[in-house]
Amino acid sequence: MDSSASQTPTVSQRDQWMVEHRIFQIYDFFGGLPRKAQSAMLELQRENHMEYLIKGLKRLEPSFSVLDANRPWLCYWILHSIALLGECVEPELEDNVVDFLSHCQDPNGGYGGGPGQMPHLATTYAAVNALITVGGERSLSSINRMHDAGEIDVRACYTAISVASFLNILDNELVQNVGDYIVRCQTYEGGIAGEPGAEAHGGYTFCGFATMILINEANRLDLAGLLDWVAFRQGKECGFQGRTNKLIDSCYSFWQGGVFALLQRFHSTLDEQLALPHSGEGDCTNDSQKTGLNASCPVNLNSIGYNFIKQPAETEPLFHSLALQQYILLCGQDIEGGMRDKPGKGRDYYHTCYSLSGLSGCQYSSAEDEDSPPLPSAVMGPYSNLLEPIHPLFNVVLEKYYEAHEFFAMS
C-alpha cells in the first residue's frame, strides 16, 4: 500500500485545521494588541446587537420564508436576546408578538409554527418562552394550558416537561416513563443522545439532563460520566463542540456550557458516584434533599424549577469560563450586530440567542447564589459586558421566570 495515501487528510481534518487557523489568527492578533485595544476588542457591541434584533422583530427578509414553520422560534430567539441585553421592546411591538402568537395557538392547546399550522411541542416551547419573556398579564394569560401534540425523542421530552413545569401543570401522569426513556438514551461516552442507540449530542444532553432534574430523577443518570463527556467537548479553540470529533460552534456555549450550570448543583451526588458508582440514588441525605431533586422523596414537581435556582452552586465553574467568553466575544461576535457559529460564517438569530445565553451562563458561573453579582474577574472584557442572569433549566431571564412562576402558581 502506498504510505502517502494513508496519510491523506480527511475532509473532517481539513475543516478542523481551517477552523483552528482562522481562530488562532484572531487570538494571535488580539495577543499583540495593547491592553486598551484588547479591552475594546472584547467589548460586547450592545447597540449593534439591539439594532440587528429590533430590525428582525419588525420585519424579516424574504429569505426567512424557509423558516415559515418556525416563526415562534424566531420570536423567542430575538426576544430572549433582547432581554439578556437588559433592554426593553416597544409596547406596540410586544403587543404585535402576543397577537401573532395567539393566532399560532390551536383551540385545543399548543402552538403551531404559524397561524393555521398544526401544534407541535417544539414550537409550543418556543411560543411559551417568548410570551414569558414578554411578560405581563396580557401575554401570560393568553396561554391556553392544554397541549397534546408532538414527537418522541429527548428534545420532545424536554419541551413538554419544561412547558408543563412553567405553566404549573406538571404531574405524575405526564412524567410516567420519561425517566426510563432518557436513561436509555445516555450513551457509553456519558452524554445523552436524541434516542436510544444514537450518538451523544450537546443539545440532547442538555435537554435530557434538564428534564431529569424537572421530573426529580436526575440521580438515575451517570452524572460522573456526563461530566467527563461534556468537559472534553471544550476544545483548544476555547469553544464547545456538539459531538465528539466535530467542529466547535458558538451555540454550544449554552447547550454544553449550560450543562455545567446544572451539574454545579449536584456536586455531592457527583462525589458519591465517583466514590461508589451506584450510591446516591434514592438517598435523601445529599443535595437532592435540599433542592427536592430525588425520585424516592415526595416532592411537588411544579416546585422543582423554583427550588433549583434557590440552591447555591459551587463557587468555581467546572469548565474554562473565561476561555469560552473569549471565544464568544472574539470569534462569535459580528461587530455589526448579531452572533455567528464561528469565524467565516454569517450571523443569525439562533446563534445570537444561544451565544448570549452561554455568555450569561459564563458570567454568573462563579456567583455563590442568585443574589450575588459576579465579580469583575468573572467577566471577560469590560464589566459593562455583564448580561442578565438566566434560569439554567428554562433559558429565560431570571426576572421573567419569577414573574411567570408567580402568575401561574396563582392561576
Side-chain angles (χ1 to χ4, degrees), residues 76 110 120-126 128-129 132 147-187 190-196 198 200-223 225-227 229-230 242 252 254-266 269 281 287-288 291-297 299-309 311 354 357 361 390-396 401 405:
Y76 167 59
H120 189 278
L121 281 171
T123 47
T124 297
Y125 166 85
V128 168
N129 274 23
I132 285 170
H147 185 61
D148 186 24
E151 55 187 318
I152 302 175
D153 67 2
V154 168
R155 184 184 69 161
C157 293
Y158 171 69
T159 52
I161 298 300
S162 174
V163 168
S165 177
F166 245 141
L167 303 184
N168 199 39
I169 56 173
L170 190 59
D171 57 27
N172 291 327
E173 182 180 358
L174 186 59
V175 308
Q176 189 174 7
N177 299 325
V178 170
D180 293 341
Y181 180 78
I182 293 175
V183 167
R184 288 166 51 211
C185 292
Q186 187 168 25
T187 75
I192 298 173
E195 57 187 25
H201 182 281
Y204 291 121
T205 296
F206 173 85
C207 289
F209 187 27
T211 301
M212 292 295 275
I213 293 172
L214 288 169
I215 67 173
N216 204 35
E217 298 184 29
N219 286 4
R220 297 182 61 192
L221 294 170
D222 175 7
L223 297 181
L226 192 154
L227 173 60
W229 179 81
V230 73
Y252 294 112
F254 173 75
W255 295 121
Q256 301 283 33
V259 172
F260 288 104
L262 306 181
L263 282 168
Q264 280 181 287
R265 289 166 169 84
F266 284 87
T269 305
E281 183 171 349
D287 298 333
S288 303
T291 56
L293 303 175
N294 190 287
S296 68
C297 307
V299 65
N300 177 4
L301 293 174
N302 291 296
S303 70
I304 290 177
Y306 181 85
N307 291 342
F308 185 85
I309 198 63
Q311 170 66 21
Y354 291 108
S357 298
I390 61 172
H391 192 302
L393 286 168
F394 303 107
N395 196 24
V396 295
Y401 165 77
H405 174 76

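Being a predicted model, the structure only gives us computed values, none of them experimental.
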- Identify, with sequence neighbours excluded, every residue that meets ring pair (Phe, Tyr, Trp, His ring centres under 6.0 Å) alongside Tyr76. His80

- Query: Do Ile192 and Trp229 come close enough that some side-chain heavy atom pair is under 4.5 Å?
  - Reply: no

- dist Leu170:CG -> Asn302:CG (nearest 0.5 Å) comes out at 5.0 Å

- Task: Look at the side chain of His391 and the backbone N and O of Gly305, then say whether any donor-acceptor pair between them is shorter than 3.5 Å.
- Result: yes

- Measure from the side-chain N and O atoms of Ser162 to the backbone N and O of Thr159, and report whether any donor-acceptor pair falls under 3.5 Å. no

- Excluding sequence neighbours, so at least two apart, what forms side-chain hydrogen bond (donor to acceptor under 3.5 Å, both in side chains) with Trp255? Tyr350

- Query: Considering all heavy atoms of both residues, which atom of Cys185 and which atom of Val154 are nearest to each other, and what is their separation?
  - Reply: SG-CG2, 3.7 Å

- Minimum heavy-atom separation for Leu174 to Ala164, with atom names? CD2-CB, 3.4 Å

- Item | Side-chain (Asn129) to main-chain (Phe394) donor-acceptor, under 3.5 angstrom | yes

- Query: Heavy-atom distance under 4.5 Å between the side chains of Ile182 and Phe209, does that happen here?
  - Reply: no

- Smallest separation among heavy atoms of Phe308 and Pro392, with atom names: CE2-CG, 3.9 Å

- Leu393 CG to Leu214 CG distance, which is reported to the nearest 0.5 Å: 5.0 Å

- Note on the structure: When every non-hydrogen atom of Gly179 is compared with those of Met212, the smallest separation belongs to CA-SD, 3.6 Å

- Message: Given 3.5 Å as the limit, does a donor-acceptor pair link the side chain of Thr211 with the main chain of Cys207, or not?
- Response: yes

- Name all residues meeting the salt bridge (charged side-chain N to carboxylate O under 4.0 Å, His left out) criterion together with Asp171; count only those two or more places apart in sequence or in a different chain, and write none if there are none. none

- Hey, could you give me the CG/CZ distance between Leu226 and Phe266, rounded to the nearest 0.5 Å? 10.5 Å

- Message: Would you say the ring centers of Phe206 and Tyr354 fall short of 6.0 Å from each other?
- Response: no

- Mind checking the OG1-CG spacing from Thr205 to Leu221? Nearest 0.5 Å is all I need. 10.0 Å

- Message: So, taking the atom named CG in Leu121 and the one named CG in Asp153, what distance separates them when rounded to the nearest 0.5 Å?
- Response: 9.5 Å

- Task: Determine the minimum heavy-atom distance between Leu223 and Ala218, stating which atoms define it.
- Result: CD2-O, 3.9 Å

- Query: Donor-acceptor pair, Arg265 side chain versus Gln311 backbone, under 3.5 Å?
  - Reply: yes

- Query: If you look at every heavy atom in Ala193 and Thr187, which pair is closest and at what distance?
  - Reply: CB-CG2, 4.0 Å

- State the OH-OH distance between Tyr204 and Tyr158, to the nearest 0.5 angstrom. 14.5 Å

- Query: What about Tyr252 and His201, are their ring centers closer than 6.0 Å?
  - Reply: yes

